[in-house]
Amino acid sequence: MLTPLAAELEYLKEEYRLLKQENEALYLQMIEVEKQALERQLMFTQLSKASFEGIVLYKENQIVLVNDAFYHLFGIEHRQLDKIRILDLVAPEHQKEALHQAEQTDKDWFETICVKQNGTRFPARVRRKFIPHQGIDAMVIVFSDLTNDKRVEQELIQSELLYQKLFEESRDAIYISGLKGELLEVNPAAMELFGYSREEMLGMSALKLYANPQEREKFRNAMQEHGSVSNYEVILVKKDGVEIDCLLSSTTRRNAQMEIIGYQGIIRDITQRKRTDELVRAKALAEHSTSMKAQFLANMSHEIRTPMNAVMGMTHLLQDTHLSSEQKRYVNGIQSASEHLLVLINDILDFSKIEAGKLQLEEIEFSLREVINNIADTFKFKIQERKLDFLINIDDQMPDVVIGDPTRLTQILMNLVSNSVKFTEKGHVQLDVRMFTEDKQAATIAFAVTDTGIGIDPNKLDYIFDSFSQVNRSATRLYGGTGLGLAITKKLIEMQGGTISVKSKLTEGTTFLVVLKFVKANNTILPNQKHTLSEMAVKPLGKLRLLIVEDNELNRVVTIDTIKKWGKDITIDIAENGEIGVKKVRKHRYDLVLMDVQMPKMNGYEATQYIRKTLGKINLPILAMTAYATTGEAEKTITSGMNDYISKPFDPKQLYQKIARLTTKEPIVLLDEALKSDGEAEKRTEKGEIYRHVTNLDFLDESIGGDEDLKIKMLEIMIRETPDEVAQMEKYYQEENWERLRAVAHKFKSTVSYMGLTGLKEVIHNIQLNAEKKENLDITKNMIVEVKNICLLACQELQEELSALKTNTET
Amino acid sequence: MARNYKIFLVDDDIKTLIMLKNHLEKRIGHSITVNVFAYGENCLDRLDEEPDIIVLDYFLNAIKEDALSGTEILNQIVEQRPQARVVMMSGQEDMETALESIRNGAYDYIIKNEKAMQRLELLVNKVIMEIEKEEVAK
């Protein structure tokens, strides 16, 4: 019984083992299949996620499945998917058309506008594909966002438009031509340039546009050789025959087989530019010839001065001979004409030197009062002759000795005074010298030359400082002169860092105001080198032995005869050149040598060097005589060892003084301020109203309402405070203390408005702004100078107003 | 009986002070006392005199470099004597500053130009009228 049971058990066991084995195999198989499925799903998810297109599986009017990109594209959340109808994805206004498109079975795509959940619309392409899904026909719909594609398309269209526009609106002519040069297309600029219509130009041979047909051949050869040509300069011709300078740039056009099928190019009209180039060249040439002219004038003036020396010297001598009254009149005529001629030559010489940049300024100690006195001396007789008054007012506070260029200061004032004298028939000429501001180092001094002459037309005021300008041509004939005087004066002033301004009223008079700054000298007293004119006659030079070294015979005669009149005991030796001069100096003992600078065979400098160094005659006075009256020349005479110089043609008075000074040990009788004794310095002008006022007290008067005491008070404050305020501005400018400059300028505005200096308002405002912003600081300096000059005049006017007011209230 | 009104003028330009004082004294029909100050600091020292109107220039440092500015003076007045009406004066280009001053408690502002005096006269009359009304209301 047990055996069959056991056998059955064995069998069952075997069965179980087999089944289990099979089961395990199936299980493994299953796992494998599951794993594959899982992997596939994973891949699909990844694929669907990676896609940029929204994919929908659509079946029986239901959305079955969508990919991630779909959610993203339409901005839909997973949970909302159930509620979405496929048609809702299309923008409502496009739904009808989309449905219509979708119904067309022959086309599996269409474009429409889709709408996101948030309402944003976007262009999209919709594609569909029918597929069986779980035995039922289903549809895969793919949505692609076309936004970027559309943009590219748009840009393409626009860039085409852009090129079209470029072609149409180019300022340069653009053409496209065929192989034979027939024009195929031209832009409007080309039509405009050549003056043809489009119809005329199309088909026309380009050859017709060339002024010279050979040029066209050359151009074509260049094209064939290089394939393109740029900036080829060529003369083309317009329809009306006018030739134009052009730059031509061209390239070949080729077809797909790279065969040349024609040309295209750009033509630029450079006629204007060429003309400009020519003008630039012409200008450079003109500038060059201007400086050549200045050089020529300087040379010529020198050449003219030499014979002038003889003319003037001989005239002086002739005057002292026995002449009939008729002869005397003629000689006087010669003298005044030659003096006049010399002034003109000097003007031209100065002007050309300034123009050529060759004028140098001296920096020496000199007495301002002496310069003024000299001017007074010079003009005294001339002014008396014309029955004018000459009034001079010198500020007591003015420093006596300053450092600067006395010659040029004299020249400036002489020019202005002689100008005033020239244009004044009656009344007076007045020279006011006032100290404006002063600090430890420097003094700013204002010189005002006022006259009661014919005045200057306000329209002409701007031009009077220009070269060769005299207020009108008839004035030139009437009053004479080169018309250079004021131009020179202005340049001389500007070279010294000063300013000049003018106020004038027709028929009433003119005021020139010069403001110059001088460095103060440490010495307060200079040895006075003045000699009275009468001394010349009464005081002979004494026993002297002189040597004149001069190659020009006429000049020798003039010099000798001039000097001989100054003493019976004067012996004069002559040397024709430096070499002879040196020999004579070696042999004899002279009190003075008069040395011409320019001579053949050893010039004046060389001779002086020789006398000083080789002969060791250090104390022998040598006076240079030069026709080059420049500062540079003066310096050279001093550095080469000469004691002083005199310019030819010389003024006998000056020569006398120089000889006297160099040969006398003790100073000759000094001249005291001659003018003071005349009582003229005390004279004050009675007429206040001789020029246009800079101040306008209307506002002040109106504000004050007739209260004269108040007006006096205000005037006094302004006269007192204004120079201080201006000086403060200058000081802060110097110290570069911009904040303080701003503050003071700001305050000064009210001063300006009370004085009615309307012209200064803007200036002051700009000073304030510049200081605030630290801008334009260099020109701010000039602005301050302008303010200073005008305020100086203004204060004078206020002073006059105040004096008048005080007299009124007293009476 | 009408009372006396006290006006302080603060400006670093003496000419302006004289002109304004003169103008007000001549043109204001009421009884007024005008005190002038070249520095804002001096004006502050005398706030206990109970000024009704203070006319204050914006820039006050032209004479004394470290002088308090108009704005600083204004702030102190507002703090110490808020009853006083402060009229700020400024140059034409300081419009912005003037408006700023009003935000900081100034009563009004005047641009310094040819019309400044007339405008100040108007303002002073206006303030006096306001004060009269206020005092009647009390």
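What you see below is based on every heavy atom in this structure, not just the backbone, and it leaves out hydrogens, waters and symmetry mates. Chain identifiers are assigned alphabetically (A, B, ...) following the order of the sequence lines, protein sequences preceding nucleic acid strands; residue numbering begins at 1 within each chain.
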Between B/D108 and B/I102, is there a side-chain heavy-atom distance shorter than 4.5 Å? yes

Between B/R85 and B/E134, is there a side-chain N and carboxylate O pair less than 4.0 Å apart? yes

Taking every non-hydrogen pair under 4.5 Å, which of B/I18, B/N22, B/D57 racks up the most with chain A?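 Winner by heavy-atom pair count: B/N22.
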
In terms of heavy-atom proximity below 4.5 Å to chain B, should A/K761 be classed as side chain, backbone, both, or neither? side chain

Tell me, for A/D724 versus chain B, whether the close heavy atoms (under 4.5 Å) come from the side chain, the backbone, both or neither.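 When you check distances to chain B, no heavy atom of A/D724 falls under 4.5 Å.
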
Between A/K749 and A/Q768, a side-chain donor and acceptor under 3.5 Å: yes

Do A/N789 and A/S501 have a side chain donor and acceptor closer than 3.5 Å?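 The criterion, which ignores hydrogens and geometry beyond distance, is not satisfied for A/S501 and A/N789.
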
Measuring heavy-atom distances to chain A, does B/D13 have an atom under 4.5 Å in its side chain, in its backbone, in both, or in neither? both

